[in-house]
S.K.: 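My questions all concern the structure below.
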Amino acid sequence: MHTLTLRRPDDWHLHLRDGAMMHAVAPETARHFGRAIIMPNLIPPVVTGADAAAYRDRIMDALPQGSTFKPLMVLYLTEETDPEDVAAAHAAGIATSVKLYPAGATTNSASGVRNFDKVRPVLEKMAEIGMPLCVHGEVVENHVDIFDREAVFIDTVLDPIRKATPDLKVVMEHITTSQGAQYALEGGDNLGATITTHHLVINRNDILVGGIKPHYYCLPVAKREEHRLALVKAATSGNGSYFLGTDSAPHLDGAKLSACGCAGCFTATNTMSILAEVFESEGALDKLENFTSLNGPAFYNLPVNEDTITLTKGDPVTYPEAIDTPDGRVTVFDPKMPLHWQVS
Ligand code: DOR
Ligand code: ZN
């Protein structure tokens with residue numbers, strides 16, 4: 001097979017940032033993707049419906065002329081979030097989902113949730129109106145090893161929330177473990193999971209063997225190879241529980257290559273080429289469309305994109321090592337393998 005036509009893909013987890021960075025990275029996603037769920041972890045965070053509407057307008061201004069890309073806005077859940085504001089933003093079509101960050105779990109999560117009981121009224125309102133909750137699934141307790149934080153979160157936070165609010169639609173964002181993949185699979189129609197491009201490609205050795213590789217550091221951190229293999233199996237299965245959320249998270253090189261480097265891999269530029277390579281090596285190119293273009297809209301109760309993209313296979317394709325912003329370079333994720341598929 002040398003060409004592959006898919007419904008236009010969507011990215012169900014994306015960081016566009018703001019200002020000059022947003023202007024530099026938004027076209028990278030808009031080039032191939034129809035829609036994206038836009039993470040709200042700005043400083044200050046996108047908390048209210050009014051914040052989301054203003055951010056959406058700034059994103060629209062950053063898109064290339066003629067782009068039909070649609071940002072799907074997300075509200076950042078705090079212990080002070082007003083259920084009525086959330087419901088109004090959802091009813092007005094301003095906000096698609098709400099993001100739960102355990103406070104301290106990741107980049108700009110300080111305003112997140114410490115006491116999960118405090119957000120119970122918001123979760124109940126969301127269950128009532130059918131609005132999905134996107135969850136960063138890691139506990140933050142110091143005594144829990146960073147490689148165990150996802151599995152412990154599922155048992156001690158996520159499962160109790162879902163049992164208390166069974167009608168709440170939940171997306172387990174960027175799963176990184178076999179436990180995450182299994183829990184998502186067993187969770188029924190109200191549970192889905194996004195998988196990133198980079199977690200299908202790297203394991204923890206890629207970060208740590210032969211010198212520390214800051215560009216492969218992200219959160220949740222990549223785990224053992226057996227977990228990467230479980231994620232590849234999940235993504236390439238075509239099962240509706242799993243869909244693409246790149247978590248493409250641009251940071252300036254200076255912030256990555258530091259004594260306290262930021263978490264995030266920037267994959268917007270080459271994601272579709274990498275995914276095609278991964279799916280082809282599993283003999284699962286026929287499942288790529290499920291993962292990138294069909295399963296996400298089905299979970300979010302949105303129509304699939306009307307138009308298509310075509311990937312063509314040929315000689316290895318090269319991508320820029322980095323994109324330039326007025327403030328500095330952002331390194332593009334290096335999958336460390338030749339990429340033969342290109343969006344034509
Ligand atoms: O690697 C990550 N980067 N994980 C996150 O959860 C946040 C993101 C970011 O905003 O940089
Ligand atoms: Zn993210």
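Predicted, not measured: the structure shown is a model, and the values here were computed from it. Every number for a ligand or one of its atoms is a count from 1 in the order of the listing.
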S.K.: For Y76 and Y101, take the angle between the two ring planes, folded into 0 to 90°, and tell me which bin it lands in: parallel under 30, tilted 30 to 60, perpendicular over 60.
M.R.: tilted
S.K.: Are any of the N/O atoms in G264 less than 3.5 Å from those in ligand 1?
M.R.: yes
S.K.: Could you list the atoms of ligand 1 found under 4.0 angstrom from a heavy atom of D247?
M.R.: 2 (C), 4 (N)
S.K.: Distance under 4.0 Å to a non-hydrogen atom of A249: what atoms of ligand 1 satisfy this?
M.R.: 3 (N), 8 (C), 9 (C), 11 (O)
S.K.: Compute both the distance and the angle, then confirm whether K287 meets the cation-pi test with F279: under 6.0 Å from the six-membered ring centre, within 45 degrees of the axis.
M.R.: no
S.K.: In terms of side-chain geometry, is the basic nitrogen of E280 or K313 positioned less than 4.0 Å from the acidic oxygen of its partner?
M.R.: yes
S.K.: Which residue from H251, H174, H198 reaches closest to atom 11 (O) of ligand 1 through any of its heavy atoms?
M.R.: H251
S.K.: What I want to know is whether Y101 and ligand 1 share at least one N or O pair that is separated by under 3.5 angstrom.
M.R.: no
S.K.: Is R17 touching ligand 1 with its side chain, its backbone, both, or neither, if touching means heavy atoms under 4.0 Å apart?
M.R.: side chain
S.K.: For the 3.5 Å polar cut-off, considering only N or O atoms, please tell me whether L219 and ligand 1 meet it.
M.R.: yes
S.K.: Salt bridge check: are K233 and E282 linked by an N-O gap of less than 4.0 Å?
M.R.: no
S.K.: Considering both backbone and side-chain atoms of A263, is one of its nitrogen or oxygen atoms within less than 3.5 Å of a nitrogen or oxygen in ligand 1?
M.R.: yes
S.K.: What atoms in ligand 1 come closer than 4.0 Å to a heavy atom of H136?
M.R.: 6 (O)
S.K.: Of all the atoms in ligand 1, which lie at a distance below 4.0 Å from a heavy atom belonging to T107?
M.R.: 7 (C), 8 (C), 9 (C), 10 (O), 11 (O)
S.K.: What class does the angle between the rings of H136 and H174 fall in, given that below 30° is parallel, 30 to 60° is tilted and above 60° is perpendicular?
M.R.: perpendicular
S.K.: Can you see whether T78 engages S111 through a side-chain donor-acceptor pair at a distance of less than 3.5 angstrom?
M.R.: no
S.K.: Where the side chain of E277 meets the backbone of H340, is there a donor-acceptor pair that is under 3.5 Å apart?
M.R.: yes
S.K.: Of all the atoms in ligand 1, which lie at a distance below 4.0 Å from a heavy atom belonging to C218?
M.R.: 1 (O)
S.K.: Tell me whether E138 reaches ligand 1 (any heavy atom closer than 4.0 angstrom to a ligand atom).
M.R.: no
S.K.: Report the nearest protein non-hydrogen atom to atom 7 (C) of ligand 1: residue, atom name, distance rounded to 0.1 Å.
M.R.: T106 OG1, 3.2 Å
S.K.: Under 2.8 Å from the Zn ion (ligand 2), which protein N, O or S atoms are there? Could you list them by chain and number?
M.R.: H13 NE2, H15 NE2, D247 OD1
S.K.: Does a side-chain N-to-carboxylate-O contact under 4.0 Å join K213 and D206?
M.R.: no
S.K.: Looking only at atom types and distance, does a side-chain atom of H198 sit under 3.5 Å from a main-chain N or O of D247, one as donor and one as acceptor?
M.R.: no
S.K.: Look at the side-chain heavy atoms of Ile, Leu, Val, Met, Phe, Trp and Tyr, link any pair under 4.5 Å apart, and say whether M39 and V221 land in one connected group.
M.R.: no
S.K.: With clusters defined by side-chain heavy atoms of hydrophobic residues (ILVMFWY) lying less than 4.5 Å apart, directly or transitively, does M337 cluster with V317?
M.R.: yes
S.K.: Is the shortest distance from a heavy atom of M39 to ligand 1 less than 4.0 Å?
M.R.: no
S.K.: Output yes when a side-chain donor or acceptor of D334 lies under 3.5 Å from a complementary backbone atom of K336, and no otherwise.
M.R.: yes
S.K.: Check whether I309 and L275 end up in the same hydrophobic cluster, where Ile, Leu, Val, Met, Phe, Trp and Tyr are linked by side-chain heavy atoms less than 4.5 Å apart.
M.R.: yes
